[in-house]
Protein chains: 2
Amino acid sequence: MAAKRSGARSKRSPRIGEQQQPVQEPRNEPPLSRERIVATAVELLDAQGLDGLTMRRLADRLGSGVMSLYWHVDNKEDVFDLALDSVLEYRGPPQPIESQAWREKVFHMLEDWRASMLRHPWSASLLPRRALGPNILSRLELLSKILSSAGVADAGLNVAIWSLWNYVMGATITRASFDVSDDDRNAAQQRLTRLSERYPTIERSRLLLDNDWDGAFREGLGLLLDGLSPR
Amino acid sequence: MAAKRSGARSKRSPRIGEQQQPVQEPRNEPPLSRERIVATAVELLDAQGLDGLTMRRLADRLGSGVMSLYWHVDNKEDVFDLALDSVLEYRGPPQPIESQAWREKVFHMLEDWRASMLRHPWSASLLPRRALGPNILSRLELLSKILSSAGVADAGLNVAIWSLWNYVMGATITRASFDVSDDDRNAAQQRLTRLSERYPTIERSRLLLDNDWDGAFREGLGLLLDGLSPR
DNA sequence: ACCTGAACACCGTTCAAGT
DNA sequence: ACCTGAACACCGTTCAAGT
């Protein structure tokens, strides 16, 4: 899937074939570009997680030298910002929702937001540390418009938006962080049952085992929207 | 404030004084211990942020060799886990709240939670990536108990707890990430006004400038508790 | 305009060794 | 039981240079 550098490969297999065919770059790569860098960064993040993204590895995948990246991109932080925002584009509901049904519109956008982030779990732990890119701002703008035209007064608009944002971010980040490797999950599970007598109520309600995340997300969001609805 | 290694200092100043007094370790440090390591890690994180914590720098502050840390601690991840949980201890309200006032109890614990994290902003961006330590679990246990004894049915308990957790985490993480250096803030502000015509509703409601974070937090939390109250 | 390799100043951690 | 320095395999980024 990823382009391999021929140099690395030939070093790995010390075959005795007398002339190492130079194996001109396996595919002639398209030229480097911001878009290609970001797309590849997302691939790499999906495959290796947050710590897996390295300027050197990124360049490797792109079949270029490390320093070539710096022509198109400021630095590693920049790559993170771009990758994050690129993953959060919103295309709207499949077919338009009738205009009065503001509740459904909000639900669709926020569920899509959560789903996008869960498709790229690194994005959840990245968001808290990064700037708001254009795609994030667009979603906030849309949310503002929906709520505003649904009759939420200007005075309550910010509280409403931030409450929804907080809820979605918290839910998504939590969900993503529970979605770890099996090793970690086993370790956590072990520690919990070992300590179960210290946390009896949690234990009884199976708080940490209950994994109907999607259902809980929708229910909680419903409650919140009830509270926020213009009276 | 931090202990300086005498070796480093003497190398830095090639004074001609014939005998470099060995300057026995500036203070005779207390012996290394898990507790001292964690406390110093928190200091370092407070001072330098998430990227500022380095095993080497940590050892430096402790006046020990880097590898000495590894006797007391598994690895860097371990240090992060311990530092995070150490900052989230809950001591309860200053004077006991009368037992029926469950709403106040919830408010106090959650506001304290948020405040603790904001006192150490790195904790907010760390939480989503780390395991739940004992102090976090204790808070969840307490929350469960309060809600349960307030009459929330077992069936609704998990939704209630996760909704509150989500809200608090989202709010705190968001707040902490907006609380960045002035440089970043200026940059963000610039970009926003430059793009203001693309996000008119946000612009109008001053969503990103409104910084009554504490008030918004309480209001939203109130709405959520209304929705969660046993009927 | 776009790409490059060498070099610098760092990292976390393994290992074999000291007391 | 506790601590150590040397060494390894990495990092991100500066710089001076190539086309």
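The basis for the numbers below is simple: all heavy atoms, side chains too, and nothing from hydrogens, waters or symmetry mates. Chain letters run A, B, ... following the sequence lines, proteins first and then strands; every chain starts at 1. Computed from a prediction, not measured in an experiment: that's the story for all the values here.
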Query raised in the report: Any donor-acceptor pair under 3.5 Å linking the side chain of A:Arg114 with the backbone of A:Met169?
Result: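 Checked: no pair found.
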- Message: Which is more 5' along DNA chain C, the nucleotide nearest A:Leu69 or the one nearest A:Arg56? Just name the residue.
- Response: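 Nearer the 5' end of the strand: A:Leu69.
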Problem - Comparing B:Lys76 and A:Ser33 on DNA chain C - which has the more 5′ nearest nucleotide - result: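 The answer here is A:Ser33.
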Provide the distance between the two P atoms, one in D:dC2 and one in C:dA17, to the nearest whole Å.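 22 Å, rounded to whole Å.
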What integer number of Å spans the C1' atoms of D:dC3 and C:dA16?
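After rounding to an integer number of Å, I get 13 Å for this pair.
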Is it the case that the side chains of B:Trp162 and A:Thr174 hold a donor-acceptor pair, with the cut-off being a distance below 3.5 Å and no angle test?
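Result is no, nothing qualifies.
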Atom-to-atom span, [atom1] of [X] to [atom2] of [N] - whole angstrom:
{"X": "A:Leu53", "N": "D:dG12", "atom1": "CG", "atom2": "C1'", "result": "12 Å"}
{"X": "A:Trp71", "N": "D:dA17", "atom1": "CH2", "atom2": "C1'", "result": "14 Å"}
{"X": "B:Leu50", "N": "C:dG12", "atom1": "CG", "atom2": "P", "result": "12 Å"}
{"X": "A:Asp60", "N": "C:dG5", "atom1": "CG", "atom2": "P", "result": "12 Å"}
{"X": "B:Arg36", "N": "D:dC2", "atom1": "CZ", "atom2": "C1'", "result": "14 Å"}
{"X": "A:Leu58", "N": "D:dG12", "atom1": "CG", "atom2": "P", "result": "10 Å"}
{"X": "A:Tyr70", "N": "C:dT4", "atom1": "OH", "atom2": "C1'", "result": "14 Å"}
{"X": "B:Leu32", "N": "D:dA1", "atom1": "CG", "atom2": "C1'", "result": "13 Å"}

Exercise. Both distances under 3.5 Å, Watson-Crick or G-U wobble: report the partner of D:dA7, or none.
Key: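 Pairing partner: C:dT13.
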Quiz item: With a 4.0 Å cut-off on heavy atoms, is B:Thr54 in touch with a base, just the backbone sugar-phosphate, or nothing at all?
Solution: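 It contacts sugar-phosphate atoms only.
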### Message
Once you apply a heavy-atom cut-off of 4.0 Å, does A:Met67 come out as touching a base, just sugar-phosphate, or nothing?
### Response
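Base contact.
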- Does OP1 or OP2 of C:dC3 have a side-chain N or O of A:His72 closer than 4.0 Å?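 So the side-chain polar atoms of A:His72 do come within 4.0 Å of the phosphate oxygens OP1 or OP2 of C:dC3, strictly under.
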- Message: Whether B:Arg57 contacts C:dC10 is assessed here as follows: a side-chain N or O lying under 4.0 Å from the phosphate OP1 or OP2. Is that the case?
- Response: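 Answer no for this pair, as no side-chain N or O of B:Arg57 is under 4.0 Å from OP1 or OP2.
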| field | Mutual orientation of the aromatic rings belonging to A:Trp165 and A:Trp113 [parallel < 30°, tilted 30-60°, perpendicular > 60°] | value |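 Geometry flag for A:Trp113 against A:Trp165: perpendicular rings.
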Atom pair CG/OH of B:Leu140 and A:Tyr199 - distance to nearest 0.5 Å: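 Atom-to-atom, B:Leu140:CG and A:Tyr199:OH are 9.5 Å apart.
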Is the shortest distance from a Lys or Arg side-chain nitrogen in A:Arg218 or A:Glu111 to a carboxylate oxygen in the other one below 4.0 Å?
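Salt bridge between A:Arg218 and A:Glu111, a charged N being under 4.0 Å from a carboxylate O: yes.
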From [options], pick the nucleotide closest to the side chain of [X]?
{"X": "B:Asn75", "options": "C:dC3, C:dT13, D:dT13", "value": "C:dT13"}
{"X": "A:Ser68", "options": "C:dG12, C:dC3, D:dC3", "value": "C:dC3"}
{"X": "B:Ser64", "options": "D:dT13, C:dC3, D:dT4", "value": "D:dT4"}

